Amino acid sequence: MQRIDIKSKTLDELQDMMRQMEFPGYRAKQIYHWLHDPRGGVRTFEEMTDLPKEMRMILAQNTEIRGAQIRLKQVSKLDGTVKYLFRLNDGEHVESVLMKYRHGDSICISTQVGCKMNCSFCATGKSGFSRDLLPSEMLSQIQEAARDAGERISHIVLMGMGEPLDNYENVLRFLELVSSEEGMNIGMRHISLSTCGLVDKIYELADKKLQLTLSVSLHAPNDQIRSSTMPVNRKWGMEALLKACRYYSCQTGRRISFEYAMIKDVNDMDWCAEVLAKRLNGILAHVNLIPVNSVTGAEYQKSGIPRQKRFISILNSHGFPATVRRTLGSDIEASCGQLKRRYEKEGGVEDES
Ligand code: SAH
């Protein structure tokens with residue numbers, strides 16, 4: 001019998017569960033607090049010390065706490081960025097990156113084991129797709145990193161392995177749980193969700209009017225370039241995508257962050273910036289340039305700094321704020337998908353750093 005994934009339940013659902021199991025309703029809040037503690041959260045029912053022993057036993061028989069166990073950890077000597085490889089209950093692995101900023105700790109978490117999207121520059125897609133993550137498994141990445149760092153995490157980016165909008169229901173439930181006052185209480189304005197552009201889901205999300213930041217991985221000024229690096233663009237071209245972005249911004253009043261990985265001689269020419277600026281016209285936008293990380297198996301090179309500056313100045317001259325994303329953890333393969341690939345290739349070698 002499949003046990004219930006208790007950490008993915010909302011407080012209301014836990015209350016219903018208590019009723020069905022004939023436990024007093026107030027137990028739901030106690031359990032919820034144990035499971036959603038921002039400093040870590042319990043890993044076993046035994047640790048729920050204010051519940052009667054018998055109740056803990058019954059919970060353990062019928063439900064399970066899905067967690068994430070640190071298998072590998074790398075700390076950047078340059079900026080303290082920490083990269084984790086987590087093992088999930090069923091033996092699958094995902095990565096998260098903890099970044100330290102002046103405004104607080106921010107964690108980049110995974111939403112799927114692998115990814116179906118197959119962008120040509122991305123390491124995650126190279127290992128294929130295995131499964132969606134459960135809300136509890138997204139929460140556990142944050143809690144285990146917080147426990148390990150001994151710090152409270154204040155910001156979340158859904159920008160690790162996987163396409164969050166391809167795991168829409170679980171991601172929405174995760175957002176509800178992580179922002180709940182009785183839980184980790186991380187406000188939507190402290191959360192970013194990054195998508196390669198699943199247009200139908202962008203509309204659905206827009207109608208929820210959440211105050212999170214939507215990041216759209218654009219990476220190209222036109223369909224020809226975008227389709228050659230991002231297969232998703234063959235399903236929804238740029239025009240449809242940008243129309244959905246306009247709608248999102250109108251519905252939520254939020255500025256959209258466009259991610260643009262600069263690849264030498266592929267998408268970094270002056271005309272690309274000109275065309276990009278034209279196409280973004282009328283959208284409340286910010287452009288985030290990322291010098292592409294080279295991934296084994298793809299032949300891409302980073303654009304040089306003068307090229308990045310030139311690209312920014314063209315976008316600025318058209319009135320778009322644009323920045324080059326600060327590269328954190330460049331010495332620890334901090335872009336997601338890379339650590340897992342190496343781990344699998346080397347047969348699961350432990351790293352002591
Ligand atoms: N699937 C989502 C989120 C995960 S990828 C998305 O596509 O947005 C997180 C970000 O890293 C995306 O902007 C993605 O395009 C970018 N990315 C992937 N591989 C990269 C690489 N080699 N160099 C730079 N950015 C990369």
Side-chain angles (χ1 to χ4, degrees), residues 83 94-97 99 106-129 132-133 138 141 156-168 170-171 174 191-199 201-202 205 212-220 225-233 235-236 238 241 244-245 248 256-264 266-268 285-303 308 311 322-330 332-342:
K83 175 139 186 170
V94 290
E95 294 176 23
S96 315
V97 183
M99 296 157 285
S106 176
I107 189 166
C108 172
I109 63 163
S110 295
T111 54
Q112 294 180 316
V113 184
C115 188
K116 298 177 204 158
M117 300 300 140
N118 241 324
C119 301
S120 62
F121 44 79
C122 178
T124 301
K126 309 263 176 269
S127 356
F129 173 79
D132 286 330
L133 288 197
M138 298 177 215
Q141 294 171 60
I156 305 167
V157 292
L158 302 182
M159 222 188 237
M161 299 168 68
E163 167 50 46
L165 296 186
D166 185 43
N167 185 13
Y168 187 78
N170 285 344
V171 163
F174 159 77
I191 305 176
S192 297
L193 183 154
S194 181
T195 179
C196 65
L198 302 189
V199 166
K201 298 295 182 212
I202 293 178
L205 189 66
L212 51 80
T213 299
L214 183 67
S215 285
V216 174
S217 301
L218 204 55
H219 305 326
I225 298 177
R226 196 161 194 268
S227 295
S228 73
T229 51
M230 302 180 70
V232 67
N233 197 68
K235 181 159 186 191
W236 288 290
M238 274 183 70
L241 174 57
C245 291
Y248 186 90
I256 296 190
S257 174
F258 288 98
E259 308 293 312
Y260 197 101
M262 289 190 76
I263 313 175
K264 187 168 188 277
V266 173
N267 65 1
D268 70 345
H286 174 271
V287 180
N288 218 343
L289 299 176
I290 320 158
V292 76
N293 274 299
S294 51
V295 166
T296 333
E299 309 290 293
Y300 300 126
Q301 285 182 315
K302 281 185 179 45
S303 313
Q308 297 170 18
F311 211 86
T323 41
V324 176
R325 185 191 293 162
R326 221 176 110 210
T327 317
L328 290 175
S330 52
I332 55 163
E333 301 172 291
S335 28
C336 277
Q338 300 186 9
L339 186 62
K340 177 169 186 260
R341 274 189 93 205
R342 189 160 61 84

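Note that ligands are numbered from 1 as they come in the structure, with each ligand's atoms numbered from 1 the same way. Since the model is a prediction, treat every value here as computed from it, not as a measurement. Heads up: numbering here begins at 1 and tracks the sequence.
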Legend entry - Within-shell test, Gly162 vs ligand 1, heavy atom, strictly < 4.0 Å: yes
Inset, instruction - Could you establish whether His219 and ligand 1 come within less than 4.0 Å of each other, counting only heavy atoms on the residue side? - result: yes
Legend entry - Closest non-hydrogen atom pair between Glu95 and Gln141, with its separation: O-OE1, 3.8 Å
Inset, instruction - Report the part of Thr124 (side chain from C-beta onward, or backbone N, CA, C, O) that has a heavy atom under 4.0 Å from ligand 1; answer both or neither where that applies. - result: neither
Inset, instruction - Can you figure out which of Tyr300, Phe121, Phe258 has its heavy atom closest to atom 22 (N) of ligand 1? - result: Phe121
Inset, instruction - For the pair Ile191 and Phe174, evaluate side-chain contact (heavy atoms from CB on, under 4.5 Å) and give the outcome as yes or no after the intermediate values. - result: CA-CA 11 Å; Ile191 305 176; Phe174 159 77; 5.5 Å; no
Inset, instruction - Could you see which bit of Met161 sits under 4.0 Å from ligand 1, with heavy atoms only: side chain, backbone, both or neither? - result: neither
Inset, instruction - Could you check Asn170, Asp132, Thr124 and say which one makes a side chain to side chain donor-acceptor pair (under 3.5 Å) with Gln112? - result: Asp132
Inset, instruction - May I ask you to test the Lys201-Val171 pair for a side-chain heavy-atom distance under 4.5 Å? - result: no
Inset, instruction - For ligand 1, find out whether one of its N or O atoms is nearer than 3.5 Å to an N or O atom of Ala261. - result: no
Inset, instruction - Provide the closest heavy-atom pair for Cys245 versus Val216 in the form atom of the first, atom of the second, distance. - result: SG-CG2, 3.8 Å
Inset, instruction - List in chain and number order the residues that pass ring pair (Phe, Tyr, Trp, His ring centres under 6.0 Å) with Tyr260, two or more places apart in sequence or in another chain; answer none if no residue qualifies. - result: Phe311
Legend entry - N or O pair under 3.5 Å between Met159 and ligand 1: no
Inset, instruction - Number the atoms of ligand 1 from 1 as they appear, then name those within less than 4.0 Å of a heavy atom of Glu163, with their elements. - result: 1 (N), 2 (C), 6 (C), 7 (O)
Inset, instruction - Take Ser294 and Gln301 through the side chain to side chain donor-acceptor pair (under 3.5 Å) test and state the conclusion after the steps. - result: CA-CA 6 Å; Ser294 51; Gln301 285 182 315; over 6 Å; no
Inset, instruction - Would you please determine whether Gly160 falls within less than 4.0 Å of ligand 1 on a heavy-atom basis? - result: yes
Inset, instruction - Select the closest option to atom 12 (C) of ligand 1 among Cys108, Ser217, Ser192, Cys196, judged by heavy-atom distance. - result: Ser217
